There are 2 protein chains.
Amino acid sequence: MGRRILEVDTCMELVVKSSARGRRSSTARTARNPEATKTQILDAAEEEFARYGLAGARTEPIAANTGVTKAMIHYYFGTKEELYQAVLKRQAALFHNAVEQIDVSDLSPEAALKKFLRLAVDYENTQPYHGKVLLHEAMTNEGKYFKLTGWEVPIGLGAAVLQRGVDEGCFRPLDPWLTMVHIMGVMSFYFNAANNLKQLEPLSDCQSPEAIENYADSAIAFVLAGVLKHSGPSHSMALE
Amino acid sequence: MGRRILEVDTCMELVVKSSARGRRSSTARTARNPEATKTQILDAAEEEFARYGLAGARTEPIAANTGVTKAMIHYYFGTKEELYQAVLKRQAALFHNAVEQIDVSDLSPEAALKKFLRLAVDYENTQPYHGKVLLHEAMTNEGKYFKLTGWEVPIGLGAAVLQRGVDEGCFRPLDPWLTMVHIMGVMSFYFNAANNLKQLEPLSDCQSPEAIENYADSAIAFVLAGVLKHSGPSHSMALE
DNA sequence: AGTCAAATTAACTTGTTAGTTAATTTAGTT
DNA sequence: AACTAAATTAACTAACAAGTTAATTTGACT
């Protein structure tokens, strides 16, 4: 029924998709561009997985946000699950790269921790899907692919800084790994729960840039207070 | 075909389910029991929604875990989305009840906060689906039904305790609502991310009761350190 | 022991979704 | 300008999932 008309419709849709919706990336794309296509698929997939997790994600909206047919997903990435793994791997590479940038070896534990915390906030803020995909991985996928993310590296670095602070006596006695978990909780919850938090009157503005900066200051102060040794009566706990 | 045999099968399944799997509740259930059926549906639905969120959840596994037909879900609760709302409402009622039990009005801010933190850990531990459903609500459902949970009450109570601590000078200057968010992050992340965390060598045992008790102590100490005033006159370290 | 309404089921319908396939388009090469 | 292989599409299939319905079972109350 109406084959010619269908073709015209399709043409117009394509125009709409590549101009009005403006999904197709800035990298030159006259018509075909496999690298750009793959990137767009990963971008759209990351957003979908961040919202719904592996099980809840649908491939059709991913394709729709990409301006390319659903079959392209399978052409380049195989199954939905393999696409998911590709998203995790790309996130891991990007994150690993960001962590590598910072050198903390000749900073005091306190300064080093502050640097880490700043990176953590900025990363959550600029890469809003990273943490959400990971949380879904834990909640809906039993952490099956968590190892693909290489997170043991940054957590280990953080724990080492904490341990150094304890050893040097500027941090209170604490379990460095558990404390890293507490810190990750502080650094991620605000972003992951924002859609709930914004419905609490005092936090209704929590997604504005100013509110986020305000949160960042508050969170960093909270964590520092949580690990620094309370001054006053001197603890003679040099060694444990 | 084999009506009698089918009846026998069904019977046996019921027996298996009510003893071995122990789903059918303790309230007497010879054959029909609408209240027990509704409870079982809510139980199974809560588990499914906690894992997959509203969008990702399937009604068939809910029915399968219930020992009752999928049609019963619609008979008692309507659509999947209405069932989801019913789960949220039941969680809210249970949680509200738990929060009501504690009276904090004649405790010091520090003691009051400790009491809240203990309740928070215990609740996450004994009601493992509560926090996960809420997080999914934020991440996959844009917090559409968050208000059904009545969480502004306990958060407001906590913020009031923090404000009292600031006013009385035992807590450092802090934003009580943001600090409540930090605290919620600390109190929930360990449980929500456990499936990831357990794959980190030092946390491989993180789900055992001893590990959870250990985490609880560490988390409470971290939060108290995070809010208490660092300098000043001698602390009455009643803790520990 | 029979009637009635609530509880429950099996089987169905209708819409979705992951993945496939065959045909078509295009860029680069000869 | 014809050839080729990669890129891309439209249309399809088979499985799944939400919700419906008509029939059946059961307990309670005559």
Side-chain angles (χ1 to χ4, degrees), chain A residues 1-15 17-18 23-24 27-41 44-45 48-49 52-85, chain B residues 1-11 13-14 17-18 24 27-41 44-45 48-49 52-84:
Chain A
M1 42 160 79
R3 176 60 47 96
R4 256 188 310 257
I5 290 173
L6 193 59
E7 278 173 20
V8 170
D9 279 355
T10 302
C11 245
M12 286 163 62
E13 272 180 32
L14 276 174
V15 170
K17 269 174 189 155
S18 60
R23 278 283 175 186
R24 296 251 146 191
T27 52
R29 173 165 190 100
T30 37
R32 289 176 180 218
N33 189 340
E35 287 313 309
T37 298
K38 280 190 249 181
T39 299
Q40 288 169 254
I41 291 173
E48 177 82 3
F49 288 130
Y52 298 109
L54 170 56
R58 301 286 107 100
T59 59
E60 282 187 37
I62 293 174
N65 279 334
T66 301
V68 112
T69 304
K70 183 169 58 104
M72 287 286 87
I73 293 171
H74 303 292
Y75 181 65
Y76 285 119
F77 296 100
T79 66
K80 180 172 84 161
E81 190 153 342
E82 289 167 328
L83 172 63
Y84 178 73
Q85 293 176 262
Chain B
M1 43 160 78
R3 176 58 47 95
R4 257 189 308 260
I5 290 172
L6 191 61
E7 278 174 19
V8 170
D9 278 356
T10 303
C11 247
E13 272 180 31
L14 277 175
K17 269 171 188 154
S18 61
R24 296 253 148 191
T27 52
R29 175 167 187 97
T30 37
R32 293 181 174 210
N33 190 339
E35 287 314 307
T37 298
K38 280 190 248 181
T39 299
Q40 288 169 250
I41 292 173
E48 178 82 3
F49 287 130
Y52 297 109
L54 171 58
R58 301 286 108 99
T59 60
E60 282 187 36
I62 293 174
N65 277 335
T66 300
V68 112
T69 303
K70 183 168 57 104
M72 287 286 88
I73 293 171
H74 300 105
Y75 181 66
Y76 285 119
F77 295 100
T79 67
K80 179 172 84 161
E81 190 154 342
E82 289 168 327
L83 173 62
Y84 178 73

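Sequence lines set the chain letters: A, B, ... in the order given, protein chains first and strands last, and positions in each chain run from 1. A quick note: this is a predicted structure, and the numbers were derived from the prediction, not measured. Below, each value reflects all heavy atoms present in this structure, side chains not excepted, and no hydrogens, waters or symmetry copies.
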Asks: Think A:Tyr75 has a side-chain N or O under 4.0 angstrom from the OP1 or OP2 of D:dT8?
Replies: no
Asks: B:Met72 has an atom CE; how far is it from atom P of C:dT8, in whole Å?
Replies: 6 Å
Asks: Between the protein and nucleotides 16-18 of chain C, which nitrogen or oxygen pairs come in under 3.5 angstrom?
Replies:
{"from": "C:dA18", "atom 1": "OP1", "to": "A:Ala57", "atom 2": "O", "distance (Å)": "3.2"}
{"from": "C:dA18", "atom 1": "OP1", "to": "A:Thr59", "atom 2": "N", "distance (Å)": "3.4"}
{"from": "C:dA18", "atom 1": "OP2", "to": "A:Thr59", "atom 2": "N", "distance (Å)": "2.9"}
{"from": "C:dA18", "atom 1": "OP2", "to": "A:Thr59", "atom 2": "OG1", "distance (Å)": "2.6"}
{"from": "C:dA18", "atom 1": "N7", "to": "A:Lys70", "atom 2": "NZ", "distance (Å)": "3.2"}

Asks: In whole Å, what is the span from the CD1 atom of B:Ile41 to the C1' atom of C:dT8?
Replies: 11 Å
Asks: Rounded to the nearest 0.5 Å, what separation is found between the CZ atom of B:Arg58 and the NZ atom of B:Lys80?
Replies: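 Taking CZ in B:Arg58 and NZ in B:Lys80, the distance rounds to 5.5 Å.
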Asks: Within the side chain of B:Thr79, is there an N or O that forms a donor-acceptor pair under 3.5 Å with the backbone of B:Glu82?
Replies: yes
Asks: For B:Leu83 and D:dA17, give me the distance from atom CG to atom C1', rounded to whole Å.
Replies: 15 Å
Asks: Whole angstrom is fine here: how far is it from OH in A:Tyr76 over to P in D:dT9?
Replies: 10 Å
Asks: By the 4.0 Å heavy-atom rule, please label A:Phe77 as base, sugar-phosphate, or nothing.
Replies: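 No contact.
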Asks: Decide yes or no for B:Thr69 and B:Tyr75: does some side-chain heavy atom of the first lie under 4.5 Å from some side-chain heavy atom of the second?
Replies: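 The answer is no, as the side chains (C-beta and beyond) never meet within the 4.5 Å cut-off.
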Asks: In whole Å, what is the span from the CD atom of A:Gln40 to the C1' atom of D:dA7?
Replies: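 The distance from CD of A:Gln40 to C1' of D:dA7 comes to 13 Å, rounded to the nearest Å.
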Asks: Kindly say whether A:Thr59 contributes a backbone atom to a donor-acceptor pair with the side chain of A:Glu48 at under 3.5 angstrom?
Replies: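 Side chain of A:Glu48 to backbone of A:Thr59: no pair is present.
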Asks: Hey, what do you get for OG1 (A:Thr37) to CD1 (A:Ile73), rounding to the nearest 0.5 Å?
Replies: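 So the OG1 of A:Thr37 and the CD1 of A:Ile73 are separated by 11.5 Å.
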Asks: Without decimals, in angstroms, what is the distance between B:Tyr84 OH and D:dA18 C1'?
Replies: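 Checked: the OH to C1' distance equals 18 Å.
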Asks: Can you tell me how far NZ of B:Lys70 sits from CD1 of B:Ile41, rounded to the nearest 0.5 angstrom?
Replies: 12.5 Å
